[in-house]
Structure formats: structure tokens, C-alpha cells
Colleague: 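This is the structure, below, for whatever I ask next.
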Amino acid sequence: QVQLVESGGGLVQAGGSLRLSCADSRRTVSAYVMGWFRQAPGKEREFVAAITWNGGIIDYAESVKGRFTISKDNTKYTVYLQMNSLQPDDTAVYYCAVGRGGVPGLRTLEYEYWGQGTQVTVSS
């Protein structure tokens, strides 16, 4: 059973940076797509970024392109989300997830396992 643990969230001022981590604590992930989603209060969960396990395909939501970078360390079974130039609209709970298929998807139903989320709050 895959178990994902996110960390790295917190409170930051607009223009600041945070790096989120998502670790597969049971080290069962071997060849999956990994994705980051976020959910703001009163809104649906939305796609942020995704990466194939070999790093060959990376995709970003338009709203974060040029500011966020997804990466992974296969030796640590960990995926990262570097977030720069954060804005108040980036405030949300951020979730990592394991994809069902071999290509990054944009919809939540394309992901099978989810972490519990980490809160990111950006103050103006």
C-alpha cells in the first residue's frame, strides 16, 4: 500500500518561496506518475504539476508555469515542488498523488493514492 507524506508547507509573504516534499514512506512506488494538486477553501481540487518517474514528461498548470518546479529524487522516493514568487492566490492545501497511468493527467480521477496534504498560506 502506497503511503504518501507531504511536508514543507507554511506561512510566507507574497513574493516568497517554499519547497514542498512528498515522500513515499513505504517505498513502494517504482514507476508511477507523481502529481501535485491544491485545494483552496470553497474551491475544487485543481492540478498544479506532474512528473513521470523517469522525469521524461513534466506538466504544469498555466497559473504556476515559470514559478513552480516539480522534481524528484528516485533514491529517496520523494517528489518536490519548488514554489517561487508565491502570491495570495496560491494559498491552499497542497496534495501529492500517485497517478494511475503512465502519462501525467490533469484530473483528480487519474490519480489513485493521495497524501493528507500540507497547508500553504501566502500573506499579502
Side-chain angles (χ1 to χ4, degrees):
Q1 182 75 16
V2 175
Q3 186 172 10
L4 304 176
V5 180
E6 300 103 333
S7 61
L11 173 64
V12 64
Q13 290 186 333
S17 299
L18 285 173
R19 188 177 81 154
L20 306 183
S21 300
C22 172
D24 172 18
S25 62
R26 299 190 184 185
R27 302 192 172 193
T28 55
V29 173
S30 59
Y32 292 99
V33 168
M34 298 295 296
W36 284 99
F37 285 73
R38 66 186 182 186
Q39 188 166 18
K43 295 186 177 181
E44 293 186 353
R45 194 168 298 188
E46 65 175 4
F47 172 78
V48 175
I51 186 170
T52 52
W53 202 245
N54 63 5
I57 301 174
I58 295 175
D59 199 6
Y60 295 98
E62 286 296 326
S63 60
V64 306
K65 279 184 179 178
R67 300 188 298 124
F68 291 10
T69 302
I70 189 171
S71 62
K72 78 260 177 317
D73 183 337
N74 289 348
T75 63
K76 297 181 179 179
Y77 295 85
T78 300
V79 178
Y80 304 98
L81 186 67
Q82 177 66 43
M83 306 186 295
N84 298 329
S85 301
L86 284 162
Q87 299 301 316
D89 285 347
D90 295 317
T91 295
V93 177
Y94 284 70
Y95 300 88
C96 68
V98 175
R100 296 180 187 273
V103 178
L106 308 183
R107 301 173 296 173
T108 57
L109 58 84
E110 296 178 271
Y111 292 80
E112 184 173 9
Y113 299 103
W114 294 82
Q116 292 191 335
T118 184
Q119 176 70 47
V120 171
T121 303
V122 185
S123 63
S124 57

Colleague: Are Tyr32 and Val103 linked, directly or through other ILVMFWY residues, by side chains that come within less than 4.5 angstrom of each other?
Modeller: no
Colleague: Please report the closest heavy-atom contact between Pro88 and Ala14, naming both atoms and the distance.
Modeller: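 The pair with the smallest heavy-atom distance is CD-CB, 4.1 Å.
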Colleague: What closest approach, in Å, do Gln119 and Ala92 show between heavy atoms, and which atom pair accounts for it?
Modeller: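 Residues Gln119 and Ala92, closest heavy atoms: NE2-O, 3.4 Å.
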Colleague: How are the rings of Phe37 and Phe47 set relative to one another: parallel (under 30°), tilted (30 to 60°) or perpendicular (over 60°)?
Modeller: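 The rings of Phe37 and Phe47 stand perpendicular, inter-plane angle above 60°.
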Colleague: For residues 43-85, which residue pairs qualify under disulfide (SG to SG under 2.5 Å), counting only residues two or more places apart or in two chains?
Modeller: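 Residue pairs passing disulfide (SG to SG under 2.5 Å), neighbours aside: none found.
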Colleague: Shared ILVMFWY cluster between Val2 and Met34, side chains joined below 4.5 angstrom?
Modeller: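 Shared cluster, yes.
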Colleague: Kindly give the heavy-atom pair with the smallest separation between Trp114 and Thr108, and that separation in Å.
Modeller: CZ2-O, 3.6 Å
Colleague: Take atom CZ in Arg100; do more than 12 heavy atoms of anything else shown fall under 6.0 Å from it?
Modeller: yes
Colleague: What about Tyr60 and Val48, same hydrophobic cluster or not, with Ile/Leu/Val/Met/Phe/Trp/Tyr joined at side-chain heavy-atom distances under 4.5 Å?
Modeller: yes
Colleague: Does anything in residues 93-124 pair up under disulfide (SG to SG under 2.5 Å), and if so which pairs, sequence neighbours excluded?
Modeller: Cys22-Cys96
Colleague: Heavy atoms only: give me the nearest Lys72-Asn54 pair and the separation to one decimal.
Modeller: CE-C, 3.8 Å
Colleague: Step through the shown structure and confirm whether more than 12 heavy atoms of other residues, nucleotides or ligands are within 6.0 Å of CD on Gln116.
Modeller: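 No.
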Colleague: What's the separation between atom OG in Ser7 and atom OH in Tyr94, rounded to the nearest 0.5 Å?
Modeller: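 One finds 15.0 Å between OG of Ser7 and OH of Tyr94.
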Colleague: How many angstroms lie between OG1 in Thr78 and CG in Leu4, if you round to the nearest 0.5 Å?
Modeller: 10.0 Å
Colleague: When rounded to the nearest 0.5 angstrom, what is the spacing between CG in Leu18 and CG in Asn84?
Modeller: 9.5 Å
